[in-house]
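Convention: sequence-line order gives letters A, B, ...; per-chain numbering from 1. Just so you know, these numbers use all the heavy atoms, side chains as well, and skip hydrogens, waters and symmetry mates.
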Protein chains: 2
Amino acid sequence: MARASATAEDTLSSELIRAAGVKVTRGRVRVLDALRAARQPLSHAEMEALPAGAGDAAIDRVTLYRVLDSLVACGLALKAVDTRGVFRFSAAGAQRQHAKHVHFRCTGCGGVFCLKAEPPPPPRLPRGFRLQQVEFDLRGLCAGCGALAS
Amino acid sequence: MARASATAEDTLSSELIRAAGVKVTRGRVRVLDALRAARQPLSHAEMEALPAGAGDAAIDRVTLYRVLDSLVACGLALKAVDTRGVFRFSAAGAQRQHAKHVHFRCTGCGGVFCLKAEPPPPPRLPRGFRLQQVEFDLRGLCAGCGALAS
DNA sequence: CCACTAATGCAACAGTGTTGCATTTGCCGG
DNA sequence: CCGGCAAATGCAACACTGTTGCATTAGTGG
Ligand SMILES: [Mn+2]
Ligand SMILES: [Mn+2]
Ligand SMILES: [Zn+2]
Ligand SMILES: [Zn+2]
């Protein structure tokens with residue numbers, strides 16, 4: 001049974017990287033794969049701890065920073081700071097789906113949790129203002145961090 | 001001409017600190033003075049570089065961190081992370097008012113506009129999660145920037 | 001003024017991110 | 001398929017931000 005059409009999700013990371021006009025390296029493919037598979041933005045430390053896939057050597061710490069920067073530079077990844085001040089990266093395009101629900105950002109561990117609720121309708125804007133994005137973020141302690149703090 | 005009433009701005013930092021139930025020390029007074037005089041949130045590095053007021057010795061780096069933490073803990077200061085991942089501190093009164101309404105952040109000029117609307121009630125959280133803050137930010141183009149872009 | 005506790009100063013450390021440079025590797029033209 | 005070049009990597013060293021432990025000092029209540 002053939003698929004009707006190839007969606008963005010089906011595209012191989014290596015092809016995305018090639019199309020972006022930069023060299024296709026093992027590091028970039030592995031990192032972009034990880035970002036695209038992740039359900040939340042990942043920090044550098046979390047990616048460094050990734051299972052080193054089938055006999056592959058772990059990626060060097062500095063190289064990982066540079067790989068992430070290169071993915072951001074060519075538009076394949078997004079970089080944002082979490083509540084602890086640590087940078088987190090996500091695959092570009094993951095934003096579309098996350099625009100449809102609310103997020104909880106843990107001030108303890110920096111984690112981002114996708115909630116079921118959808119963002120409330122925006123209030124009326126002053127004349128001439130153009131709305132591009134609605135961000136409804138809740139901040140606090142996640143269950144894990146709250147248990148530690150109590 | 002006497003003032004009708006002493007406003008929060010007139011209160012000495014030392015009195016605020018005493019009222020908060022912690023010891024009044026030179027460091028706390030100097031730091032809270034600086035935060036209250038600042039027009040934008042200050043980073044630790046910026047405060048360390050503060051003019052060391054009239055022959056006073058500079059505050060120790062670690063002590064400054066602890067002074068800031070104590071001011072946050074007793075509710076006199078607020079701590080937030082900036083886009084570079086560095087923590088910035090502000091006097092509590094400066095932001096308390098902004099918790100009660102929604103903000104519009106212009107992606108064109110970076111301006112922040114306070115809207116009349118108050119933030120919607122937060123959705124139900126997963127078990128164990130503790131809510132500390134609700135942030136309902138609208139992003140887009142303000143009237144001025146929208147006119148330029150059209 | 002005393003005593004008790006909280007706060008300070010200093011040293012050492014941890015986590016995050018960057019820079020320089022020699023070596024390796026992806027990629028392209030032949 | 002090969003050779004060469006630029007880009008990417010690995011490693012060491014570094015910078016900046018923030019934390020912890022501990023001995024000493026200083027604010028406060030009596
Ligand atoms: Mn989400
Ligand atoms: Mn406001
Ligand atoms: Zn957490
Ligand atoms: Zn604007």
Side-chain angles (χ1 to χ4, degrees), chain A residues 12-32 41-50 52-53 56-74 76-77 79-89 106-111 145 148-149, chain B residues 12-32 41-50 52-53 56-74 76-89:
Chain A
L12 288 175
S13 293
S14 54
E15 305 202 12
L16 292 172
I17 293 167
R18 194 183 320 279
V22 296
K23 289 187 181 176
V24 179
T25 67
R26 249 177 322 142
R28 283 187 189 154
V29 173
R30 269 174 58 188
V31 169
L32 185 53
L42 300 178
S43 68
H44 175 277
E46 286 165 355
M47 297 174 125
E48 208 180 353
L50 280 180
D56 251 348
I59 308 180
D60 177 74
R61 233 173 59 82
V62 175
T63 301
L64 177 53
Y65 277 113
R66 295 201 265 228
V67 162
L68 287 168
D69 282 345
S70 74
L71 291 178
V72 170
C74 69
L76 291 174
K79 181 181 186 179
V81 70
D82 73 13
T83 53
R84 287 181 324 172
V86 174
F87 290 119
R88 286 179 176 269
F89 300 84
C106 178
T107 55
C109 64
C145 291
L148 290 179
Chain B
L12 288 174
S13 294
S14 54
E15 304 199 17
L16 292 172
I17 293 167
R18 194 182 318 280
V22 295
K23 289 188 180 175
V24 179
T25 66
R26 252 180 319 139
R28 283 189 197 163
V29 173
R30 267 176 59 189
V31 169
L32 186 54
L42 300 177
S43 68
H44 175 277
E46 286 164 356
M47 291 189 225
E48 209 181 353
L50 279 181
D56 252 347
I59 307 181
D60 177 75
R61 231 173 59 83
V62 175
T63 300
L64 178 53
Y65 277 113
R66 295 200 264 228
V67 162
L68 288 167
D69 282 346
S70 75
L71 291 178
V72 170
C74 70
L76 291 175
L78 296 178
K79 182 181 186 179
V81 72
D82 72 12
T83 53
R84 288 180 328 170
V86 175
F87 289 118
R88 286 180 174 271
F89 301 83

Donor-acceptor pair (no angle test) under 3.5 Å: B:R61 side chain, D:dG18 base: yes
Separation of C:dG15 P from A:Y65 OH (nearest whole Å): 12 Å
Interatomic distance, A:D60 CG vs D:dA13 P [rounded to whole Å]: 14 Å
Out of C:dG9, D:dT17, C:dG17, whichever nucleotide has its closest atom nearest the side chain of B:V86: D:dT17
Between C1' of C:dT18 and CZ of B:R84, the distance in whole Å: 14 Å
Heavy-atom pair of closest approach, residues A:T83 and A:G110: OG1-CA, 3.8 Å
Per-nucleotide protein contact string for nucleotides 20-30 of chain C, where B marks a base within reach and S marks sugar-phosphate only (heavy atoms under 4.0 Å, - for neither): B-----BS---
Side-chain heavy atoms of A:K79 within contact of A:D69, under 4.5 Å: yes
Criterion side-chain contact (heavy atoms from CB on, under 4.5 Å) against B:R30, the qualifying member of B:T25, B:L64, B:V67, B:I59: B:I59
Touch class at under 4.0 angstrom, heavy-atom based, for B:R28 against every strand present: sugar-phosphate
Atom pair distance, as rounded to whole Å: NZ in A:K79 and C1' in C:dT16: 11 Å
Side-chain heavy-atom pair B:L76, B:R28 within 4.5 angstrom cut-off: no
Degree of bending, the helix from C:dC1-D:dG30 to C:dG30-D:dC1 (end axes from five pairs; round to 10°): 40°
Euclidean distance, atom CD1 of residue B:I17 to atom P of C:dA6 [Å, nearest integer]: 17 Å
Atom of B:S14, atom of B:V24 and distance for their closest heavy-atom approach: O-CG2, 3.7 Å
Rounded distance (Å) that lies between atom P of D:dA8 and atom CG of A:L64: 15 Å
Heavy-atom closest pair, residues B:A20 and B:C74: CB-SG, 3.8 Å
Heavy-atom pair with the smallest gap, counting every atom of A:R88 and A:D82: NE-OD2, 2.9 Å
Length of the line joining B:L68:CG and D:dT19:C1', which is rounded to integer Å: 14 Å
pair B:R66-B:V62: side-chain heavy atoms closer than 4.5 Å: yes
Minimum-distance pair of heavy atoms, taken over all atoms of A:S43 and A:V86: CB-CG1, 4.0 Å
Separation of atom CG in B:D69 from atom P in D:dT20, rounded to whole Å: 10 Å
